[in-house]
2 protein chains.
Amino acid sequence: MNEEMLSKTVLFKGLSKEEIHDALLALQARELLYKKDASILLAGSKTDKMGLVLEGSVRIESNDVWGNRTILSHVGPGQFFAETYAFLHNEPLLVDVVANKDSRILFLQIHILKETNAATHTWVLKLLTNLLVVTAHKNLVLSGRSFHTSPKTIRGKVLAYLNSVALQSGSHRFDIPFDRQQLADYLNVDRTALSKELGKMKTEGLITFEKNHFEIQKSADF
Amino acid sequence: MNEEMLSKTVLFKGLSKEEIHDALLALQARELLYKKDASILLAGSKTDKMGLVLEGSVRIESNDVWGNRTILSHVGPGQFFAETYAFLHNEPLLVDVVANKDSRILFLQIHILKETNAATHTWVLKLLTNLLVVTAHKNLVLSGRSFHTSPKTIRGKVLAYLNSVALQSGSHRFDIPFDRQQLADYLNVDRTALSKELGKMKTEGLITFEKNHFEIQKSADF
DNA sequence: ATGATTATGTGGCAACGGCAACATACTTCT
DNA sequence: AGAAGTATGTTGCCGTTGCCACATAATCAT
């Protein structure tokens, strides 16, 4: 396991190599590989493990009985998922976690933190604090999606989403982590209607795009 | 301040009266009163205080430039808000916090937790762990709303929401914390269209309601 | 390369919902 | 009690979007 790389993640920030090594052992860290579109965690089940994406990416989604999919978020390398469920530890998952590409995932039994003696293990307090940062950020991501889906028109949703990605990337040229169907499922709209609207927005000069690369025209920053 | 009552909240669970007293001092606890509809925290500002609703209730909402309101959640007595922002502590708020009734709020400078010596203060570790439970639950609330808003028809949204409230209350008869306009803003739909759909659902025998009291007919549990 | 599979875009149609204007309760205040 | 304000429901119309069927483009496997 690469303690070097882990120390750059939010969760292990501020921990020494030795502390990380110790923590990985205590939390029973396990590495697993998943093929694209393989499901990692299933809605309705329970988990005591949180995941760290080492390579690839995963998406958090929900599939109802009628086949409607809602994508809640995309989790890239160095980011975490299921920490909420792993920590609470007997809440059934409301969502599925699916590999978006071939992925390498590190699992951590984070609930063990609650039972570990912080006095004798210097890393416990650090991990708890860092985990709080992780869940707090996750909160921001979830509220963020609310703002992307709340506009009533497709155009409104698309602009809300693209502006937010542009803001984060610090540029008006950027890639999005979704294909069309996924973007539609993230914004809770019909894919073909999304395609139509994207087309219109391109003709009107608001945006340009090709595949998953987008550019927002300056005039559109209103 | 009532340590008795506080010890029943998620955040102070497991702390002794003395620990709570100590913590309140260290976190510079302040109690404030708000009139119905007074704003407590403003989007765009930053806060280093999280709130605990002692009496009354607040709502978390977002108001865009065109006057569209989106309600993210309702926070009742004994529950917390703004813990995300208070802990991260220099993230600008994405939302407004507004008093839904006349309310008594306890504010805590929770970020002080990060700088307090856990070795000499027994309550620090407990509060950190409990705070993690709070943010984890907040995550579930936020994902929950996603499932209430993702159906494409108003009826679908209403049923998703009502079923979820029924499940939590453990009964098919329950009160909701929203008036019509607020419910519409929570579900991201037009109020009059919501009224129409509720009316239809009543005539069809799916639900009955009066003001904010609802009943789901057993046949509707599909 | 060729065919098969997947991704994206287009056209048409019906319906759901947003909006405006109004009607009818129900509160609150003096 | 009466008036003013607020909450909820109703009606009608038009636009947006969901959905279906299909076209075209891109990707993958052999």
Enquirer: Looking only at heavy atoms, which two atoms of A:Leu194 and A:Arg180 are closest? And how far apart?
Expert: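 So the minimum-distance heavy-atom pair works out to CD2-O, 3.6 Å.
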Enquirer: Taking atom NZ of A:Lys200 and atom CD1 of A:Ile154, what is their separation to the nearest 0.5 Å?
Expert: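 With rounding to 0.5 Å, NZ (A:Lys200) is 9.0 Å from CD1 (A:Ile154).
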Enquirer: Rounded to whole angstroms, how far apart are CD on A:Gln181 and P on D:dG18?
Expert: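 Value for this atom pair: 12 Å.
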Enquirer: May I ask you to say whether A:Glu204 pairs ionically with A:Arg155, meaning some side-chain N is under 4.0 Å from a carboxylate O?
Expert: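 Yes, charged N to carboxylate O under 4.0 Å.
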Enquirer: Could you tell me how far apart A:Asp37 (CG) and C:dT6 (P) are, to the nearest whole angstrom?
Expert: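 The distance from CG of A:Asp37 to P of C:dT6 comes to 10 Å, rounded to the nearest Å.
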Enquirer: Side-chain contact, heavy-atom cut-off 4.5 Å: B:Glu197 with B:Thr153?
Expert: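 No, too far: nothing below the 4.5 Å cut-off.
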Enquirer: List the atom of B:Leu94, the atom of B:Tyr85, and the distance in Å for their closest heavy-atom pair.
Expert: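 Residues B:Leu94 and B:Tyr85, closest heavy atoms: N-OH, 3.4 Å.
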Enquirer: Starting at atom CG of A:Asp179, determine the distance to atom C1' of C:dT8, rounded to an integer number of angstrom.
Expert: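 In whole Å, C:dT8 C1' and A:Asp179 CG are 10 Å from each other.
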Enquirer: Taking CG from A:Asn212 and P from D:dA26, how many angstroms apart are they, rounded to a whole number?
Expert: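 Going from A:Asn212 (CG) to D:dA26 (P), I get 14 Å.
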Enquirer: Whole Å only: how far is the NE2 atom of B:His213 from the P atom of D:dT8?
Expert: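 Value for this atom pair: 15 Å.
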Enquirer: Between P on C:dG9 and CE on A:Met201, what's the gap in Å once rounded to a whole number?
Expert: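 So the two atoms are 13 Å apart, to the nearest Å.
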Enquirer: At under 4.0 Å between heavy atoms, which parts of nucleotides 15-30 of chain C does protein reach? Answer with one letter per nucleotide, 5' to 3': B base, S sugar-phosphate only, - none.
Expert: --SBBB------S---
Enquirer: Counting heavy atoms not belonging to A:His74, are there more than 12 under 6.0 Å from its NE2?
Expert: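 It does: A:His74 NE2 has more than 12 such atoms within range.
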Enquirer: Rounded to whole angstroms, how far apart are CG on A:Leu198 and C1' on D:dT16?
Expert: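 The answer, rounded to whole Å, is 15 Å.
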Enquirer: Return the value, rounded to whole Å, for the distance between atom NZ of A:Lys35 and atom P of D:dC28.
Expert: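 Checked: the NZ to P distance equals 14 Å.
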